[in-house]
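These numbers come from the heavy atoms of this one structure, side chains and all, not from hydrogens, waters or symmetry mates. Chain naming here is simple, since letters A, B, ... match the order of the sequence lines and numbering starts at 1 in each.
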2 protein chains.
Amino acid sequence: MDFDDKVPIYYQIKNHLYHQIVTGTLVPGAKLPSVRQLAVDVTANVNTVQRALSEMTDEKMIIPQRGKGNFVTDDVLSIKKLKDKLINEQLSLSYQELHDLNLTDDQILDEFEKYIKNRSEIHE
Amino acid sequence: MDFDDKVPIYYQIKNHLYHQIVTGTLVPGAKLPSVRQLAVDVTANVNTVQRALSEMTDEKMIIPQRGKGNFVTDDVLSIKKLKDKLINEQLSLSYQELHDLNLTDDQILDEFEKYIKNRSEIHE
DNA sequence: TATAGTGTACTAGTAAACTAATACACTAGA
DNA sequence: TCTAGTGTATTAGTTTACTAGTACACTATA
């Protein structure tokens, strides 16, 4: 896995898994790869993976079952809420940042539009 | 200063100062507060501040003068470039994140529009 | 029942970021 | 010339994230 050395690895793993849950790569009730397998997958230590999973367990997004594995929550609503939260955090974050760079609301929207338009041209 | 404990403090200080340069709070050629004063301002250690300033010096955005202080570069063009870089990094980052959450380009723009509209209503 | 695959806990060691304190070189001004 | 305010360097110690290795409890299955 490609890590940003400015952010703790366990945090990036957690985020990575949350993305898989939210996008349906990991469906509700699905079994996660074992901690040892995950450690191999993301090229990190078992303990680091475990730390990510612990927080996810605390947040009730996965349920651990001793001897069996970790399972994605069945609660579809809470997954929806997680997705909304992730989206909103991102919007808020980037609005904040661009606003702090002295862009007006209109400029922010413009820049975003330009960026996406430009991007789709390059990638088509 | 309010730090995000997920990101190194020196990095946040650097970012903070870059914002001031880009937005004109610190004009080209202006003298920065002394390292000791900055340390007080942002409630961090002198060495941590120094580390931020070192990187900024390496990137030629400030010029240190022994015995006098640190001064913002006079090169207006490079300040402009810095601003563009900061904006672009943010756009790219949040596009990436929202795209990874399975939002289409249109949805990303929509969400952004909604967010900003909503925000301005609350704050007017 | 034995074994392999799970989660979990613990101890130990390393590296990086941060703090703290001190010292030194340079500049400007009284 | 002295002094206060600069940047800069160095040494030492703390904390946190991370790695490594081991051990143990539990589950499913051959």
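Among the heavy atoms of the strands lying under 4.0 Å from A:Ser34 are primed sugar atoms or P, OP1, OP2 only; no base atom is included.
Rounded to whole angstrom, the span from the CZ atom of B:Arg66 across to the P atom of C:dA28 amounts to 14 Å. Atom pair B:Asp5:CG and C:dT19:P shows a separation of 13 Å (rounding to whole Å applied). The nearest whole Å value for the distance from the CG atom in B:Asn70 to the C1' atom in D:dG7 is 7 Å. One atom, CZ of A:Arg51, and another, C1' of D:dT19, lie 14 Å apart when rounded to the nearest Å. One interatomic measurement links the two molecules: CZ of A:Phe71 to P of D:dT27, which rounds to 12 Å at whole-angstrom precision. Protein atom CE of A:Met56 is 15 Å distant from nucleotide atom C1' of C:dG7, rounded to whole Å. D:dG7 atom C1' lies 11 Å from atom CD1 of B:Ile62, rounded to whole Å. Between the CD atom of B:Gln65 and the C1' atom of D:dT8 there is a distance of 15 Å, given to the nearest Å.
The residue among B:Val7 and A:Thr57 whose nearest nucleotide of DNA chain C is located toward the 5' end is A:Thr57. Comparing A:Thr48 and B:Pro33 by the nucleotide of DNA chain D that holds the closest heavy atom to each, the one mapping nearer the 5' end is B:Pro33.
Listed here is the closest heavy atom pair of A:Gln12 and A:Asp2: OE1-O, 4.1 Å.
Cluster membership for B:Ile116 and B:Leu91, using ILVMFWY side-chain heavy atoms within less than 4.5 angstrom, is shared. A chain of hydrophobic side-chain contacts below 4.5 Å, direct or via other Ile, Leu, Val, Met, Phe, Trp or Tyr residues, connects B:Ile87 to B:Leu98. Residues B:Ile63 and B:Tyr18 do not share a hydrophobic cluster, clusters being chains of Ile/Leu/Val/Met/Phe/Trp/Tyr side chains in contact below 4.5 Å. Taken together through direct or relayed side-chain contacts under 4.5 Å among Ile, Leu, Val, Met, Phe, Trp and Tyr, A:Leu103 and A:Leu109 form part of one hydrophobic cluster.
Among B:Leu82, B:Asp84, B:Val76, the single residue meeting the side chain to side chain contact (heavy atoms under 4.5 Å, CB included) criterion with B:Lys80 is B:Asp84. Tested against A:Lys14, the residues A:Met61, A:His19, A:Glu59 include a single side chain to side chain contact (heavy atoms under 4.5 Å, CB included) partner, A:Glu59.
In this structure, of D:dA17, D:dT19, C:dC26, it is D:dT19 that holds the atom nearest to the side chain of A:Asn45.
Remark: the A:Tyr95 side chain and the A:Asp105 side chain contain an N/O donor-acceptor pair separated by less than 3.5 Å.
Side chain of B:Ser78 to main chain of B:Asp75: a donor-acceptor pair is present (N/O by atom type, distance under 3.5 Å, no hydrogens or angles). The closest donor-acceptor contact from the side chain of A:Gln107 to the backbone of A:Thr104 lies under 3.5 Å.
Only B:Val35, B:Arg36, listed by number, bring a heavy atom of residues 35-44 of chain B to less than 4.0 angstrom from any atom of DNA chain D.
Checked for salt-bridge contact, A:Asp110 and A:Lys114 miss the test: no charged N lies under 4.0 Å from a carboxylate O.
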What's touching nucleotides 28-30 of chain D from the protein side, N or O pairs under 3.5 Å?
{"from": "D:dA28", "atom 1": "OP1", "to": "A:Lys68", "atom 2": "NZ", "distance (Å)": "3.4"}

Taking only N/O atoms, report every protein-nucleotides 12-15 of chain D pair under 3.5 Å with atom names and distance.
none

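A:Leu32 is listed as a side-chain neighbour of A:Leu26, based on a closest heavy-atom distance under 4.5 Å.
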